[in-house]
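Would you mind keeping the following structure in view while I ask a few things?
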There are 2 protein chains.
Amino acid sequence: MNLKNILEAFRKKGHRLTKTRKAMVRVFLHNNRPLSAADINSRLEHLAVTVNKTTIYREIDFLKKERFIREIELGDGMKRYELWPDDHHHHLICVECNSVKCIDMEHCLVNEEKKISEKNNFMIMEHSLKFFGLCAKCQ
Amino acid sequence: MNLKNILEAFRKKGHRLTKTRKAMVRVFLHNNRPLSAADINSRLEHLAVTVNKTTIYREIDFLKKERFIREIELGDGMKRYELWPDDHHHHLICVECNSVKCIDMEHCLVNEEKKISEKNNFMIMEHSLKFFGLCAKCQ
DNA sequence: CTTGCAAATGCAACTCAGTTGCATTATTAT
DNA sequence: ATAATAATGCAACTGAGTTGCATTTGCAAG
């Protein structure tokens, strides 16, 4: 999963390799954690790539449709985006410094989901689990 | 936990019993599930109580401070509020009709939290768990 | 009942994340 | 080199929620 392969795959599907697209893919590959639109913008500025916010949102939409990233909500009124996960994982959110850490959870909640589905006649498609607390630095 | 007792408790603490306050407490008691500011407004109109949105938000803040309600995020860009829970519970959210159902989960994730805390040196204070899928009606 | 005062309210104008319409620019296949 | 159209920039907008400030109202004390 490197920059060149991803961009080549996009190009083969008929999508153009613009400076915004290349830079944003790079940003996500080099920052493996949830980023807000504002985070993305400041990372782009670091790469000397100046883009309009509309373009950032449109590129986010594109990368979501391509399943390169996915959208998550951490509850602070701002959407975040992270690399499309290979593994099933959740998030540790520090209430002090707002840092976010991803944690693996193999076979997470499968038994619980089965029980809940049956009891409530609700067909569970996915779940979202977040832990709020204090990270190592902020304790 | 009835209307009169709650209002009396507020009055004893020196808070005023305005028509907005009385109506909003009533709305939450009669709608035991997460409501958005817009939901609250339409319920108030049903009770023939017309209030400015600023007042609704300020009353939400008041009821949050009083721990009569709490704020939750369901991920649709709008905050929701529900009666302050006695029990530990989570939510089933229908991706089709957006209805929300509360479900009990006694001793939910306690063992997992212990493991996660130790492994990541993260002091967990609370967690949020949501199940997305199809409710009985929408399947 | 009247009065005084702080709590509560309404209004208008604002913030901030995200969206839309439209004219312009740039990438790519030929 | 060129044409087609994907991508961009800009300005104006939306919608949830907030703020400052002048006005109204609930309620306790006289």
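The chains referred to below are lettered A, B, ... by the order of the sequence lines, with proteins before strands, and numbering in each begins at 1.
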Any R58(A) side-chain N or O less than 4.0 Å from OP1/OP2 of dT8(D): no

Grab the CD1-P distance between I60(B) and dA8(C) for me, whole Å please. 15 Å

Pair E82(B), H89(B): side-chain N/O donor-acceptor within cut-off below 3.5 Å: yes

Whole angstrom is fine here: how far is it from CG in L44(A) over to P in dT8(D)? 11 Å

With sequence neighbours left out, what residues match S99(A) under side-chain contact (heavy atoms from CB on, under 4.5 Å)?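 Expected list: C94(A), C97(A), C135(A).
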
First encountered from the 5' end of DNA chain C, between T18(A) and G77(A):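 Going by which nucleotide is closer to the 5' end, it is G77(A).
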
Taking the basic N atoms (NZ, or NE/NH1/NH2) and the acidic carboxylate oxygens, is any pair closer than 4.0 Å for E8(A) and R11(A)? yes

Nearest to the side chain of R16(A), which nucleotide is it out of dT8(D), dG17(D), dA26(C)? dA26(C)

Spacing between N52(A) atom CG and dA7(D) atom C1', to the nearest angstrom: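 Value for this atom pair: 12 Å.
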
Describe the nucleic acid contact of T54(B) in one word from base, sugar-phosphate, nothing, applying a heavy-atom distance below 4.0 Å.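 Here T54(B) touches the bases of the nucleic acid.
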
Map T50(A) and K79(B) onto DNA chain D by nearest heavy atom, then report which one ends up closer to the 5' terminus.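 The residue mapped nearer the 5' terminus is T50(A).
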
Nucleotide of dA29(C), dT9(C), dC10(D) approaching R11(A) most closely (side-chain heavy atoms): dA29(C)

The side chain of Y57(B) is closest to which nucleotide in this list: dG18(C), dG9(D), dA16(D)?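 The listed nucleotide nearest to Y57(B)'s side chain is dA16(D).
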
Out of dT9(C), dG18(C), dT28(C), which has the shortest distance to the side chain of L17(A)? dT28(C)

Please report, rounded to the nearest Å, how far the C1' atom of dT19(C) is from the CD atom of E59(A).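 Interatomic distance, CD of E59(A) to C1' of dT19(C): 16 Å.
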
If you count the non-hydrogen atoms of other residues, nucleotides and ligands that lie under 6.0 Å from CD in E96(A), is the total more than 12?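 Counting neighbours around CD of E96(A), 12 or fewer heavy atoms of other residues, nucleotides or ligands fall under 6.0 Å, so no.
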
In whole angstroms, the gap separating C1' of dG18(C) from CG of D61(A) amounts to 10 Å

Provide, to the nearest angstrom, the distance between the CD1 atom belonging to I56(B) and the P atom belonging to dA8(C).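 Distance, rounded to whole Å: 16 Å.
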
Whole angstrom is fine here: how far is it from CZ in F10(A) over to P in dA6(D)? 16 Å

Hey, does A37(A) reach any base, or is it just sugar-phosphate, or nothing, if we go heavy atoms under 4.0 Å?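 It contacts sugar-phosphate atoms only.
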
Of the listed nucleotides dT9(C), dA8(C), dT18(D), the one nearest the side chain of T20(B):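 The answer is dT9(C).
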
On the nucleotide dG9(D), are OP1 or OP2 found under 4.0 Å from the side-chain N or O atoms that T55(A) carries? yes

Would a hydrophobic clustering, with Ile, Leu, Val, Met, Phe, Trp and Tyr connected at side-chain separations under 4.5 Å, put I93(B) with M105(B)? no

M78(B) CE to dT18(D) P, straight-line distance once rounded to whole Å: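 To the nearest whole Å, that distance equals 14 Å.
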
Looking at R16(A), K53(A), R21(A), K64(A), which hits salt bridge (Lys or Arg N to Asp or Glu O under 4.0 Å) with E59(A)? R21(A)

Using a heavy-atom cut-off of 4.0 Å across all strands, would you classify K53(B) as base, sugar-phosphate, or nothing?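 Contact class for K53(B): base.
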
Counting just side-chain N and O atoms, does S36(A) come under 4.0 Å of either OP1 or OP2 of dA17(C)? no

